[in-house]
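Since the structure comes first, as structure tokens, the remarks are kept for the end.
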Amino acid sequence: MNTNKTGPQLFVALSALFAVLCGLYLLFGGIWLVALGGSWYYPIAGLVMLGVAWLLWKSKASALWLYAALLLCTMAWGVWEVGFDFWALTPRCDVLVFFGVWLLLPFVYRRLLIPASGAAASLVVSLLITAVVLVWAGFNDPQEINGTLKLDNAATAAESSIPDADWPAYGRNQEGQRFSPLKQITTQNVGQLKEAWRFQTGDVKRATDPGEITNEVTPIKIRDMLYLCTAHQQLFALDASTGKEKWKFDPQLNTDPSFQHVTCRGVSYHEATADNASPDVVADCPRRILLPVNDGRLFALNADTGKLCESFANKGILNLQTNQPVTTPGMYEPTSPPIVTDKVIVIAGAVTDNFSTREPSGVIRGFDVNTGKLLWAFDPGAKDPNAIPDDEHHYTLNSPNSWAPAAYDAKLDLVYLPMGVTTPDIWGGNRTPEQERYASSIVALNATTGKLAWSYQTVHHDLWDMDMPAQPTLADITDKNGNKVPVVYAPAKTGNIFVLDRRDGKLVVPAPEQPVPQGAAKGDHVSPTQPFSELTFRPKKDLSGADMWGATMFDQLVCRVMFHSMRYEGIFTPPSEKGTLVFPGNLGMFEWGGISVDPNNQVAMTNPMALPFVSKLIPRGPGNPMEPPKDAKGSGTESGVQPQYGVPYGVTLNPFLSPFGLPCKQPAWGYISGVDLKTNEIVWKKRIGTVEDSMPFPTGIPMKFRMGMPMLGGPISTAGNVMFIGATADNYLRAFDMRDGKQLWEARLPAGGQATPMTYEVNGKQYVVISAGGHGSFGTKMGDYIVAYALPDDAK
């Protein structure tokens, strides 16, 4: 028997102390969790750890036997809860594994009572079994789908008036397909892509900006010119082959910290000809760029010179604040490029979320494309949406808005608008029938007249900010009977993709109404049912305590306690004073990046994400007045405390995070996926993104583990069968094989790439371009870069 109580015996005592602390934490935290209806594992594990601590204190070798049993039981419990999912299993056992290795160090286990070798062997075996399970899980991800799309390179190309080399609209075409017929870059040679040029705009975050300053632009390319806007809506024209600046225009946007956004997703292009414009317009500004500005102005500029188009509106400037009931700068913000037909500019805008019941209208308007004259209005919250107010009247306060890009079918002359919800978003007991009518819907308007063609509501009485967040995508799809059907794909925050006949709005893919949780906050109500599309990425099951996550078992326990302390009964759980878990979260499974559709092969590339949020209603009372104080301004963010003046509750909105700042839901938080649109089958789905640039504390170690990260931005696809996407919370642009989702290439970006890339050809060379400027509220590195990639001249 080893009776030496000096020197290295100290390490045994320290081990016992660690086991005591772990045991007490797990025991008392676990009792709290069980009281809330959670797992019994934690208090049991706490008792076992206390037993291990006692045996270590007594220098008993049996401590190793008991600890080995705890490790094996923990792994068995983990597999039972989450299956062979590496990232879900890791926090359940990482601390236990490290402590087990510590106990096997010679200066620890050799100080235990003899014989210790058998006990040490048992611990080695348990560690090896744990390692084998984790290795197996690392190579067999149960969350991924590993099918293969059948792509025919000889498939008949869809008719298009757009030159193959160009990308003249936000989604390349106004159908929002984000697909290029270029195929110089292929799955075989994409790995050879190199940076071709880099341009810096010089537009960076200012002291007067809010937190939500973003660089989300997708440039457009016409002939040999590239056009793009910065966060402060500075407009640049670049040489498409070199990235050299041709001209620049600054609208002199004056920001304020109360602005909810400082964002420009893109600009629009129009070419005036003798067939669609007067000789004066053609002479003044034959090729024009339309630039929306966040203070409520629209500029028309000569695409060749950057000078204002004198014949448009007020010497090139259109005031979008006309007849708005509230004209405070930053309350109404056009952040997305307008739709442009040969006659009409169709423009909508964002309205500050959750500030008050007295905010600007989300009115959608049509202006003459040549002169800027108002042709029509569609005010979704008005009794007569098409009524145009006079000097004595205004558009309707708080009408639902359409902030994301729209899509356009030139043959039908219909524009498809993704609608938001009337604000305040998270309590709706005072909304009028008119405010509810088109909220969270897809609305199809005649682009020439503004008259309603049809609408389809995706969320009834929306209390979760589940507005339609992305540009719809139009395509002609072959149905099971061999008929071509003109459809519109509408990706939703809920993870549903609603598929409608774009002629009449009838469902092509069923979306039956299903019962949802009830029990709204005082004075409000909840719709008894909601539509659920059969083409969907929403989770197959509701979240449970088993889905909670953390860097270790300790913060995972905290997340479980937090989860069971909130109200959660699945999707559409009503907001509450207790606090409601919102999943899919307010950020949505789909955001403004939309989807990419290859119309020739009838497949879609998508990038859904899954990040829960927490909303908590704050009743009115001291410090939370019903009416806004004098000179009250917006919060400058969409998260945190939101006042909702004019309704009985304020609200807090935050992502569901652990004490370490990590998501409380286990990864993956973001995927890419390939969908067969002929069968509406999700053929493959893969995690995308690493924690390399989003660790809450510096590690000094490149964290290139592919976990599946949240994203802002969308994918594009090409006839070379390559999908390109940035978007993730790490600073990379990546390329994937459209057939199976295999990663083929990545490039490190100088800042966050929260933008959708684009591709074009000039002088016989294909380029891929992305804005790398970061996203303030998303927490990625800010910058002012536009980066282009191309194949080397000697590439094969």
Side-chain angles (χ1 to χ4, degrees), residues 36-38 353-354 357 400 419-441 456-468 492-496 498 507 510-534 536-545 547-548 562-589 610-620 642 644 646-654 656 664-665:
L36 294 170
D353 281 341
N354 298 316
T357 53
M419 297 298 299
V421 63
T422 195
T423 190
D425 297 20
I426 316 299
W427 190 89
N430 64 346
R431 295 176 190 163
T432 67
E434 290 78 21
Q435 288 175 324
E436 296 274 58
R437 181 175 44 186
Y438 302 119
S440 303
S441 299
Y456 175 81
Q457 191 163 68
T458 66
V459 178
H460 311 314
H461 192 61
D462 186 353
L463 302 176
W464 306 269
D465 192 23
M466 291 296 164
D467 48 12
M468 296 303 290
K493 285 186 177 181
T494 55
N496 294 304
F498 293 94
L507 286 166
E513 296 278 338
Q514 297 181 19
V516 293
Q518 298 295 291
K522 184 178 179 180
D524 208 344
H525 66 278
V526 179
S527 172
T529 63
Q530 296 287 356
F532 289 80
S533 175
E534 292 182 4
T536 186
F537 286 87
R538 68 180 183 273
K540 294 182 179 180
K541 64 181 183 67
D542 293 340
L543 292 178
S544 69
D547 296 305
M548 296 304 102
M562 293 165 63
F563 172 77
H564 285 284
S565 299
M566 290 183 287
R567 183 178 181 188
Y568 176 70
E569 298 151 34
I571 189 172
F572 296 118
T573 301
S576 65
E577 295 181 41
K578 180 181 182 181
T580 291
L581 186 68
V582 183
F583 183 68
N586 301 63
L587 197 59
M589 294 199 77
L611 192 66
F613 269 60
V614 177
S615 70
K616 185 175 182 179
L617 294 174
I618 308 170
R620 297 298 175 196
Q642 305 290 297
Q644 298 201 135
V647 303
Y649 296 94
V651 67
T652 59
L653 300 170
N654 292 293
F656 185 30
C664 269
K665 176 199 166 292

Where Met466 and Asn586 come nearest, the two heavy atoms and their spacing: CE-N, 4.5 Å
Assess the residue pair Phe656 and Leu581 against the criterion (side-chain contact (heavy atoms from CB on, under 4.5 Å)); give the C-alpha distance rounded to whole Å, side-chain angles, the decisive distance to 0.1 Å, and a yes or no. CA-CA 8 Å; Phe656 185 30; Leu581 186 68; 3.5 Å; yes
Among Thr423, Asn354, Asp353, find the residue that satisfies the side-chain contact (heavy atoms from CB on, under 4.5 Å) test when tested with Gln644. Asn354
Evaluate the side-chain contact (heavy atoms from CB on, under 4.5 Å) criterion for residues Met468 and Tyr456: first the C-alpha distance (whole Å), next the side-chain angles of each, then the deciding distance (0.1 Å), finally the verdict. CA-CA 11 Å; Met468 296 303 290; Tyr456 175 81; over 6 Å; no
Identify the two heavy atoms, one from Pro619 and one from Glu577, that lie closest to each other, and give their separation to 0.1 Å. CG-OE1, 3.2 Å
Could you check whether any side-chain heavy atom of Ile571 comes within less than 4.5 Å of a side-chain heavy atom of Trp464, counting everything from C-beta outward? no
Could you pull out the closest heavy-atom pair between Pro531 and His460, with the gap in Å? CD-NE2, 3.6 Å
For a 4.5 angstrom cut-off between non-hydrogen side-chain atoms, does Pro539 reach Phe583? yes
Would you indicate whether the side-chain heavy atoms of Arg431 and His461 approach each other to under 4.5 Å? yes
Relative to each other, are the rings of Phe532 and Phe572 parallel, tilted or perpendicular (30° and 60° limits)? perpendicular
So does Thr432 get a backbone contact from the side chain of Arg437, meaning a donor-acceptor N/O pair under 3.5 Å? no
Side chain to side chain contact (heavy atoms under 4.5 Å, CB included) against Leu36, all qualifying residues, sequence neighbours excluded: Trp32, Val561, His564, Ser565
